[in-house]
Amino acid sequence: MEDRLSRLEGKMYPPEQEKTYAKAVMASATSDSHPVPNLKGKKQDNKIKENKNKHQTAAPVPEIEKSSTQVRKNATAIRPSAKANRKNQLKPKQQLPTVVVKSVSQEIGTSMQLKERLETAIHPNTLGIKIITSRLTFNKGMVLQVQTNEMAQKLQEAINGHDNLKNICGAHKPKERIPHIMVYDIEKCGEETTREIEEQSFLKKVKESNSLPDGEMKVLFRKKGSGSREHWIISMDPAIFKQIKGEKRIQFGFGSFRFKEFIEPMRCFRCHKYGHGKKTCMVDTEHCSKCPGMHSFKECKATEAVCRNCRDFNRKSTNKVRVNHTATSDKCPIFLREREQLKLKTNYGD
């Protein structure tokens, strides 16, 4: 019985263990006044130094990774500067004095015949006239660009006053372009109303609903809209355009129509050149708008778009532009240049 009680007391109150040398060393390590002794000699000191060196070299690694990641994030966040796109922004061509020559006689059957008659009768060099460009038109005519306004006036007078030319052709300055707008989503009228009466009635109501100043307004053509609706392109006097150019909608009785300025250069959807339409194109074969091939767009098998106009421009100029788009794209550098040039030709009354 006594033995059993002594064993229980031993478990509840264990005797104090004697302090060993190792325990004394560990206890002294917590004190500032006693340094930790080297227990394992020089080998352990070398291992400690190696571990310290590893930690010192490995520490900056996360900072480098973080900084490179931050650089990549900043690079994607920065917007391209204006200089980055400058190579794809072409300046408008120089505005040269222009003379338009048209046939007024049945003697002239083609534009080429008109050119031959002009070259036979008129010698620009003797008149001190320098022809910069010449272009044949579909309606038995020619467009001539000269160096100065004085040369243009002299050429016009020479053609109109020549005995062999004044009865077969006439020369004049091109008509000045006035502002155009496109009015969206106009419902078609019934068949009982003629096109002319419909347009006159519409323009009259527009003038009354917006208190517009006096001036000419004319519907030039229409574009197909959604369903039975159409978009009308209307030319107008600069004074009228100046009054409505800051608006987004034009009033029409108890309603209104959305509109915007229409600045779209004439382009041919057969050869995809500018300055004429498909009806007056002198090219017989249809050209592809996706690639430079001589086939229709529907037959094109090209996997990537190549603009034929920009490709031709790069061949002739040292100022290269991108070509990875179709010829009908509204982002095409040639199209944007033509649009800016059309703006310069427009008389805004300023």
Side-chain angles (χ1 to χ4, degrees), residues 92 95 98-104 135 137-141 143 156 170-269 274-281 330 335 338-350:
Q95 299 295 313
T98 305
V99 176
V100 179
V101 185
K102 286 187 178 181
S103 171
V104 295
R135 177 171 56 87
T137 62
F138 183 78
N139 55 347
K140 298 185 294 183
V143 177
Q156 184 178 333
H172 61 87
K173 291 182 180 180
K175 188 178 179 180
E176 192 175 41
R177 185 182 187 271
I178 57 177
H180 297 171
I181 65 169
M182 181 161 65
V183 183
Y184 292 92
D185 300 326
I186 301 174
E187 286 285 351
K188 290 182 182 179
C189 290
E191 296 180 358
E192 64 277 1
T193 306
T194 63
R195 187 184 182 106
E196 185 179 357
I197 294 175
E198 180 187 7
E199 292 174 355
Q200 289 178 357
S201 176
F202 179 86
L203 295 177
K204 182 180 178 181
K205 194 170 182 178
V206 166
K207 286 185 176 181
E208 292 173 352
S209 301
N210 297 271
S211 300
L212 298 177
D214 294 334
E216 182 185 1
M217 291 183 69
K218 183 180 178 181
V219 179
L220 300 178
F221 59 93
R222 307 181 186 189
K223 285 191 169 187
K224 182 175 174 53
S226 59
S228 61
R229 298 179 178 182
E230 295 177 324
H231 310 320
W232 290 14
I233 285 74
I234 302 173
S235 64
M236 58 182 56
D237 191 87
I240 299 176
F241 177 77
K242 189 179 292 186
Q243 183 167 325
I244 66 170
K245 68 177 181 179
E247 304 292 335
K248 294 182 179 180
R249 302 188 74 87
I250 192 168
Q251 299 302 307
F252 191 78
F254 279 86
S256 63
F257 290 101
R258 185 168 57 92
F259 80 98
K260 72 171 184 179
E261 185 182 3
F262 182 77
I263 309 176
E264 188 172 315
M266 181 182 289
R267 72 169 91 184
C268 176
F269 288 96
Y274 294 92
H276 66 276
K278 189 174 182 179
K279 292 182 179 180
T280 58
C281 183
D330 59 355
F335 171 79
E338 292 292 328
R339 190 171 65 177
E340 287 300 314
Q341 193 159 344
L342 192 62
K343 239 179 168 180
L344 294 174
K345 291 180 180 179
T346 304
N347 176 22
Y348 290 103
D350 297 333

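Only heavy atoms go into these numbers, but all of them, side chains included; no hydrogens, no water, no symmetry mates.
- Glu216 CD to Leu203 CG: the interatomic distance, rounded to the nearest 0.5 Å, is 10.5 Å.
- Lys218 contributes atom NZ, which lies 10.0 Å from atom NE2 of His180 (distance to the nearest 0.5 angstrom).
- Listed for the Lys245 side chain is no donor-acceptor partner under 3.5 Å among the backbone atoms of Ile240.
- With rounding to the nearest 0.5 angstrom, the CD atom of Glu264 is 9.5 Å from the CG atom of Leu342.
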Begin from the C-alpha positions of Ile181 and Ile233 and carry the test side chain to side chain contact (heavy atoms under 4.5 Å, CB included) through to its verdict.
CA-CA 6 Å; Ile181 65 169; Ile233 285 74; over 6 Å; no
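- By the 6.0 Å contact criterion, CG on Asp214 is open, its count of non-hydrogen atoms from other residues, nucleotides or ligands being 12 or less.
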Pair up each side-chain donor or acceptor in residues 250-259 with any protein partner under 3.5 Å, not counting sequence neighbours, and list the distances.
{"unit_1": "Ser256", "atom_1": "OG", "unit_2": "Arg249", "atom_2": "NE", "d": "2.9"}

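- The structure places CE of Met236 at 8.0 Å from CZ of Phe241, a figure rounded to the nearest 0.5 Å.
- Judged as a side-chain hydrogen bond (donor to acceptor under 3.5 Å, both in side chains), the pairs with a partner in residues 338-349 (not counting sequence neighbours) are, in order, Glu176-Asn347, Arg177-Thr346, Glu261-Tyr348.
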Verify side chain to side chain contact (heavy atoms under 4.5 Å, CB included) between Val100 and Lys175, making sure each step is shown before the conclusion.
CA-CA 9 Å; Val100 179; Lys175 188 178 179 180; over 6 Å; no
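- Within the 4.5 Å cutoff, the side chain of Lys204 has heavy atoms near those of the Glu208 side chain.
- Interatomic distance, CZ of Arg135 versus OG1 of Thr98, reported as 9.0 Å (0.5 Å rounding).
- Distance check: Lys248 NZ to Lys260 NZ gives 13.0 Å after rounding to the nearest 0.5 Å.
- Within the structure, side-chain hydrogen bond (donor to acceptor under 3.5 Å, both in side chains) pairs that include any residue of residues 225-241 comprise Glu187-Ser228, Glu187-Arg229, Arg222-Glu230, Glu230-Trp232 (at least two apart or interchain).
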